[in-house]
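Keep in mind that this is a model prediction, so the values were computed, not measured. Residue numbering restarts at 1 for every chain, and letters A, B, ... go by the order of the sequence lines.
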2 protein chains.
Amino acid sequence: MKLSERKVLRKKEQILLSAINIINQKGYSGTTMEEVASELLMTKGSLYYYFKNKSDLMYQCHNFVLSQATKDLESILEDGGPVKDVLKKMIETHITYAIDEKETFNLIMEPKRFFNEEQLELVLKLRNHYEGLFDEIIQRGIEVDEFHAEEPKIARMIILGAMNWVQQWYRPEGRLSKEDLITLYSDYILKILE
Amino acid sequence: MKLSERKVLRKKEQILLSAINIINQKGYSGTTMEEVASELLMTKGSLYYYFKNKSDLMYQCHNFVLSQATKDLESILEDGGPVKDVLKKMIETHITYAIDEKETFNLIMEPKRFFNEEQLELVLKLRNHYEGLFDEIIQRGIEVDEFHAEEPKIARMIILGAMNWVQQWYRPEGRLSKEDLITLYSDYILKILE
DNA sequence: ACTTAATTTTAAACGTAAGTCAAAATTTAA
DNA sequence: TTAAATTTTGACTTACGTTTAAAATTAAGT
């Protein structure tokens, strides 16, 4: 790889990190290309040299965060251990992302609105892979007879939905600590798989 | 009430119904004031005679649909019967709205992005009321010892999240019929409350 | 029916933010 | 040092929400 190519990659990553910050504060619609640019002392025109358009930039931010979450889950799965413990760790990770990276983690919410067809395909692929990691642990649990589910994929959808909804109501400054929240969710989710 | 006032109300409702249709097809961002207006053979300027701005219009669409859903749930609750059956009916109603009125039912998703403070307050009030209806049936169930939940409101959040997520993946043309979906969801949700 | 007042609609603006582009500036490589 | 490649600029276009003053229409009183 040429020097110049590496430079472009570095710049792209700089832009991504900066954009992720702004998006997590102001949301997708609240974030302007102008603001992302000025944060890095560029003009917005330059952004279009690195990213095709706003939704491309947003897509890559989402991708960045989701890929990181994916890696986290993969390493939890690899570490192995009792299925219930593994699932609990996965739940903890997912909920933590959902809260801490609220906006970028869940651009997920309305992918069709924001992404074009090509991006959408990639998002869905990555998302399927991510969701598949939950299927994997559920499957393991079923095999060792610790989990039971008639339609495991539906159970997984229910679990994911329950966890994602956390963003809609949870406030860190509220009555429940993040730890409490995660404990409660883990317990309820395990009941689903009983 | 004067004739003119009634006329305004009728017109407002016409606009709402038309807007709800467009929003459910194209989503909030995909819907332009221009399009809503032209659907009714008006110019977009006129819309601003009836609604303060776009987010006011969208808010009222959401309100309209959510109010209808609320009435449906209230009448199910009033009818009474075995708590599990009542809850199942409520689940069916909620999921049906979530699928059929996808966009307007769940402007819910990101209320802060779209609504101003005043609207937000009203939305949250209505939403709390709506959610409270689920608390009510859960409470009934606990009292007759058919449901068990340590933190019933968290259980309710989990249930709502699970149901709302349906919009993200369910396709009527897919493998599962809406009936299958609702049956599966009901069964899983009842497990949460076991 | 006629006149005046109130209501409703219009069309032409404006503001903001996304996206484009040709030229200018800078960097790289020979 | 110079020519080519890369990167940045800023002015322009377009789209859409929103405002506004004036025009058109409708209602009400006599």
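- Annotation: B:His94 is not in aromatic contact with B:Tyr185 [ring centroid separation under 6.0 Å not met].
- Atom CZ in B:Arg10 sits about 17 Å away from atom P in C:dT7, given to the nearest Å.
- Straight-line distance from the CE atom of A:Met42 to the C1' atom of C:dA25: 14 Å, rounded to whole Å.
- A salt bridge does not link A:Lys191 to B:Glu194: none of the charged side-chain nitrogens sits closer than 4.0 Å to a carboxylate oxygen.
- The distance from atom CE of A:Met58 to atom C1' of C:dG19 is 14 Å, rounded to the nearest whole Å.
- For A:Asn53, the side-chain contact (heavy atoms from CB on, under 4.5 Å) test picks out A:Tyr48, A:Ser55, A:Asp56, A:Gln119, with sequence neighbours left out.
- Partners of B:Tyr97 by ring-ring contact (aromatic ring centres under 6.0 Å, His included), not counting sequence neighbours, listed by chain and number: B:Phe105.
- When the P atom of C:dC21 is taken as reference, atom CG of A:Leu47 falls 17 Å away, rounded to whole Å.
- Partners of B:Asp187 by salt bridge (Lys or Arg N to Asp or Glu O under 4.0 Å), not counting sequence neighbours: none found.
- One can place OH of B:Tyr50 at 8 Å from C1' of C:dT9, the figure rounded to the nearest angstrom.
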Taking only nitrogen or oxygen atoms into account, show me every contact under 3.5 Å that the protein makes with nucleotides 14-18 of chain C, one pair per line with its distance.
{"from": "C:dA18", "atom 1": "OP1", "to": "A:Lys54", "atom 2": "NZ", "distance (Å)": "3.2"}
{"from": "C:dA18", "atom 1": "OP2", "to": "A:Met33", "atom 2": "N", "distance (Å)": "3.1"}
{"from": "C:dA18", "atom 1": "N7", "to": "A:Lys44", "atom 2": "NZ", "distance (Å)": "2.7"}

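- Here A:Asn63 pairs with nothing under the side-chain hydrogen bond (donor to acceptor under 3.5 Å, both in side chains) rule; sequence neighbours left out.
- Residues that satisfy the side-chain hydrogen bond (donor to acceptor under 3.5 Å, both in side chains) test with B:Tyr170, not counting sequence neighbours, are absent from this structure.
- Nucleotide D:dT8 holds its P atom 11 Å from the CG atom of A:Leu40, rounded to whole Å.
- Counting only heavy atoms from C-beta on, A:Tyr49 has its side chain closest to D:dT8 among C:dT10, C:dT27, D:dT8.
- What separates CZ of A:Arg6 from P of D:dT6 is a distance of 16 Å, to the nearest Å.
- The listed nucleotides are D:dT7, C:dT9, D:dT9; the one nearest the side chain of B:Lys11 is C:dT9.
- If you measure from atom CZ of B:Phe51 to atom C1' of D:dG17, you get 16 Å, rounded to the nearest angstrom.
- Taking only side-chain nitrogens and oxygens, B:Thr43 never comes nearer than 4.0 Å to OP1 or OP2 of C:dT9.
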